[in-house]
Q: 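Dropping the structure in here first, questions after.
When reading the values below, keep in mind they use all heavy atoms of this one structure, side chains included, and skip hydrogens, waters and symmetry mates. So you know, we letter chains A, B, ... as the sequences are listed, proteins then strands, and number each from 1.
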Amino acid sequence: MAERPLSNQEVARIFSDIADLLDIKGENRYRIMAYRRAAETIENLGRDLYTYWQEGHLQELPHIGQAIAEKIDEIFRTGRLGYLERLEAEYPRQLIELLRVPDLGPRRVRTLYERLGITTIEELEKAAREGRLRDLPGFGPKVEENILRALETVRRQKDRVLLSVAWEQASALLEALRATAGSALVRAEMAGSLRRRRATIGDIDLLAASPVPEQVIEVFCRLPQVAEVLLAGSTKASVQLHTGQQADLRVVEPRRWGTALQYFTGSKAHNIHLRELALEKGFSLSEYSLKREDGTEILCAEEEEVYQRLGLRWIPPELREDAGEIEAALEDSLPKLVRLEEIRGDLHMHTTWSDGRLSVEQMVQAARAHGYEYIVITDHSPGLGIVGGLDVERLQKQRAEILTVNAKYDDITVLQGAEVEIRADGTLAYPDEVLALLDVVIASLHTGLRQPREQVTKRLLAAIHNPHVHIVGHPTGRLLLRREGADLDMEAILKAAAETGTALEINASPERLDLDPVYVRQALEMGCLLVVNTDAHHADDLDNMRYGVWQARRGWAEAEDILNTRPLEALLAYFRGDGG
DNA sequence: GCCGTTTTCGGCCCGACTGTTTTCAGTCG
């Protein structure tokens, strides 16, 4: 057996690579789709695939049947997969990279390899420049030219960006579009992964309804945010913004808004499943309409109608990942997802006592503007590489200040907590008698994140088992697009959190969004409770709460799963251990 | 290769665009 069992992501990658290679090979498309679906199942799993394997439950997972279960078994037993190795002997794995080039799909990649022996982007570019592509079957002068041009864009292609970045840009675009297009625009919204609130975003997808699409397209292309128009037709435009982001706009007839919004929101897997369901019910679903078998159309101006016609409740976009939401909608057991307005307080924020930018009182003012009933000031303990972690003496002084500020306002309660460092050796940066004085204790990892799984898991478990610790802050320590989180045994973490009643934080800071929604869902199934906190270091950061709530929703969380939707007394009773 | 209140076999999402394969395959979302 391999030293360390492969992660879900690594196994998913194997099956997605198999799918790509089979595609290049020209295999049966449904077999290819089966591997892709299996890969997606594994990627979105909230538990280690390894655990399912150990328990012999692999085939209970959707899209994993006997053949793929046997391959997973081989992977975990031997650390290798003979099937993939044989496939790679026919078609090198490098070819998968070529699929990323626009206009290059499996057929053309195969032709490139078999006719010219091309396996890399560099070889592709050289051949294109030398005019050796145009005579290949399935190519031509135009395709050759397009590929050369596409290689430019592949190079300057922006990577994914944080949800917050894309969301702010999209909001600004929508606002500008509405202000400029006037009555030509009936409505406009975000679609795609942005509407599903994924933590990172590729392109910005927008949808508009208008009786005069050309006018809306024209206005869109002239917005001040637009740097370059990549493509503009009568109902569709793609532009590059000055920020480097690509934004796509589609314009549809208002009476087809519902089907269009449903379609452009995705995810692809959700849509495919929904269309399969439509077929079972005798409809053919597209972005334009629901079509009966006799060819007559049912137009849906609202998204709710699309789902309703298929016998489903409307499914919130955050759930549309084909992760059981369609089945839940069928039996009317969709969760009643938590809403931003239900958050009563923020339990994690910093002030100038440590690395925050504002004083206690300034943060309180900002929190009052949010209408919060309570907040907890949680500055850093010492032991972190941050100057100004509070030693015990300063912690006492801060307590006096918090009490003074608290006495000043009767519309909000200000509590003292701390974000206590879980040190590399697994101990906490404050002794228990100090922790006991605090209203709320958050324990967080900031260092030693790259320790081996067993070691870093043990540290976190020790914190969870400390009776003075109420919350585990940003559990994995990941920084989106920059740094992987710690290699935690999440199964053990969630189990311990459920047993001890320690809450897990969904950190709403856009670069964290940690706990990740797939684990949120698993945590809830295991009986954990959660909190959503901003970890604010400035007044503006309090606005990040929405991102945290969105991720909670993506994890199927309801208000009752989130402790800081509770009134203060109930919250404190829970933390004292005599409630909840 | 997976899946099943029509099925353990015969299905498996839909539509647009593009270039070239002159009736459609390949790619994309």
Q: May I ask you to say what A:Tyr288 touches in the nucleic acid, namely base, sugar-phosphate or nothing, with a heavy-atom cut-off under 4.0 Å?
A: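 Since only primed, P, OP1 and OP2 atoms lie under 4.0 Å of A:Tyr288, the category is sugar-phosphate.
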
Q: Counting side-chain heavy atoms from C-beta on, which of B:dC28, B:dC14, B:dT20 comes nearest to A:Ser286?
A: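 Of B:dC28, B:dC14, B:dT20, B:dC14 is nearest to the side chain of A:Ser286.
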
Q: Among B:dG29, B:dT20, B:dG26, which nucleotide has an atom closest to any side-chain atom of A:Lys268?
A: B:dG29

Q: It should be established whether A:Arg108 places a side-chain nitrogen or oxygen under 4.0 Å from OP1 or OP2 of nucleotide B:dG26.
A: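 So the side chain of A:Arg108 is outside the cut-off, no N or O lying under 4.0 Å from OP1 or OP2 of B:dG26.
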
Q: Expressed as a whole number of angstroms, how long is the span from A:His273:NE2 to B:dC3:C1'?
A: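 Spelled out: NE2 on A:His273 to C1' on B:dC3 is 11 Å.
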
Q: On the six-membered ring of A:Tyr83, is A:Lys71 placed so that its NZ or CZ lies under 6.0 angstrom from the centre and within 45° of the ring axis?
A: yes

Q: Compare the minimum distances between each of B:dG15, B:dC13, B:dC2 and the side chain of A:Ile68, then state the nucleotide with the smallest one.
A: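 Side chain of A:Ile68 sits closest to B:dC2.
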
Q: Verify, without hydrogens or angle tests, whether A:Arg292 (side chain) and A:Gly282 (backbone) share a donor-acceptor contact under 3.5 angstrom.
A: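 Not a single qualifying donor-acceptor pair exists.
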
Q: Of the nucleotides B:dT27, B:dC12, B:dC2, which has the atom closest to the A:Tyr30 side chain?
A: B:dC12

Q: Taking the nucleotide of DNA chain B with the closest heavy atom to each, which residue, A:Gln66 or A:Glu287, is nearer the 5' end?
A: A:Gln66

Q: Check whether any side-chain N or O of A:Arg47 sits under 3.5 Å from a backbone N or O of A:Gln522 as a donor-acceptor pair, and report yes or no.
A: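 Not a single qualifying donor-acceptor pair exists.
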
Q: Quick check against the 3.5 Å criterion: does A:Arg478 have a side-chain atom that pairs as donor or acceptor with the backbone of A:Arg512?
A: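 Yes, because the side chain of A:Arg478 sits within donor-acceptor range (under 3.5 Å) of the backbone of A:Arg512.
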
Q: Is it the case that the side chain of A:Arg554 and the backbone of A:Arg196 share a donor-acceptor pair, with hydrogens and angles ignored and the cut-off at 3.5 Å?
A: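 Yes: the side chain of A:Arg554 pairs with the backbone of A:Arg196.
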
Q: For B:dG4 versus B:dC13, give the span between their P atoms, rounded off to a whole number of Å.
A: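 Rounded to whole Å, the distance is 14 Å.
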
Q: Going by salt bridge (charged side-chain N to carboxylate O under 4.0 Å, His left out), A:Glu144 matches just one of A:Arg134, A:Arg129, A:Arg132. Which one?
A: A:Arg134

Q: Taking the side chain of A:Tyr263 as heavy atoms from C-beta outward, which of B:dG29, B:dG19, B:dG1 is closest to it?
A: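 Side chain of A:Tyr263 sits closest to B:dG29.
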
Q: With respect to the phosphate group of B:dG1, does any side-chain polar atom (N or O) of A:Tyr35 fall under 4.0 Å of OP1 or OP2?
A: yes

Q: Salt bridge check, A:Arg309 against A:Glu305: does any charged N sit closer than 4.0 Å to a carboxylate O?
A: no

Q: The side chain of A:Ser284 is closest to which nucleotide in this list: B:dC14, B:dC12, B:dG1?
A: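 Minimum distance to the A:Ser284 side chain belongs to B:dC14.
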
Q: Given 3.5 Å as the limit, does a donor-acceptor pair link the side chain of A:Glu325 with the main chain of A:Asp322, or not?
A: yes

Q: Please figure out whether A:Pro106 or A:Phe283 has its closest DNA chain B nucleotide nearer the 5' end.
A: A:Phe283

Q: Heavy atoms only, 4.0 Å cut-off, all strands: where does A:Val101 land among base, sugar-phosphate and nothing?
A: sugar-phosphate

Q: From B:dG1, B:dC13, B:dG19, pick the nucleotide closest to the side chain of A:Met33?
A: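 Output: B:dC13.
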
Q: Quick one: label A:Gly140 by what it contacts on the DNA or RNA (base, sugar-phosphate, nothing), any heavy atom closer than 4.0 Å.
A: sugar-phosphate

Q: Between B:dC13, B:dT27, B:dG19, which nucleotide gets closest to the side-chain atoms of A:Leu279?
A: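 The nucleotide sitting nearest to the side chain is B:dC13.
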
Q: Pick one for B:dT20: is it syn, with its angle within 90° of 0, or anti?
A: anti

Q: Does the side chain of A:Arg31 get closer than 4.0 angstrom to OP1 or OP2 of B:dG1 through an N or O atom?
A: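 Result: yes.
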
Q: Quantified in whole Å, what is the C1' atom distance between nucleotide B:dT18 and nucleotide B:dT23?
A: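 B:dT18 and B:dT23 have their C1' atoms separated by 15 Å.
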
Q: In whole angstroms, how far is the P atom of B:dT20 from the CD atom of A:Glu144?
A: 10 Å

Q: Which nucleotide in the set B:dG29, B:dC13, B:dG1 lies at the smallest distance from any side-chain heavy atom of A:Ile272?
A: B:dC13

Q: Check the distance between B:dC13's P and A:Arg29's CZ and give it to me in whole angstrom.
A: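 Interatomic distance, CZ of A:Arg29 to P of B:dC13: 7 Å.
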
Q: For A:Pro62, answer base if it contacts any base atom (sugar-phosphate contacts may also be present), sugar-phosphate if it contacts only those atoms, and nothing otherwise; contact means non-hydrogen atoms under 4.0 Å.
A: sugar-phosphate

Q: Roughly, in whole Å, what's the span from NZ in A:Lys236 to P in B:dG29?
A: 7 Å

Q: Rounding to an integer number of angstrom, what distance separates B:dT6 and B:dC2 when you compare their P atoms?
A: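 Roughly 23 Å separates the two P atoms.
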
Q: Categorize A:Leu104 for me: base, sugar-phosphate, or nothing, with a 4.0 angstrom heavy-atom threshold over every strand shown.
A: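 Sugar-phosphate, no base atom in range.
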
Q: For A:Lys291 and B:dC14, is the shortest distance between a side-chain N/O and OP1 or OP2 below 4.0 Å?
A: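 Checking B:dC14 against A:Lys291, no side-chain N or O comes under 4.0 Å of OP1 or OP2.
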
Q: State which of B:dT20, B:dC28, B:dC13 makes the closest approach to the side chain of A:Val143.
A: B:dT20

Q: Tell which nucleotide pairs with B:dC2, taking only Watson-Crick or G-U wobble pairs whose two distances are both under 3.5 angstrom.
A: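 With both distances under 3.5 Å, B:dC2 matches B:dG11.
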
Q: Using whole Å, what does the distance between atom P of nucleotide B:dG26 and atom CG of A:Leu112 come to?
A: 13 Å

Q: Reckon A:Ile64 touches a base, only the sugar-phosphate, or nothing at all at heavy-atom distances under 4.0 Å?
A: sugar-phosphate

Q: With rounding to the closest Å, how many angstrom separate the C1' atoms on B:dT20 and B:dA25?
A: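 My reading of the C1' atoms in B:dT20 and B:dA25 gives 10 Å.
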
Q: Separation of A:Glu27 atom CD from B:dC12 atom C1', in whole Å?
A: 15 Å

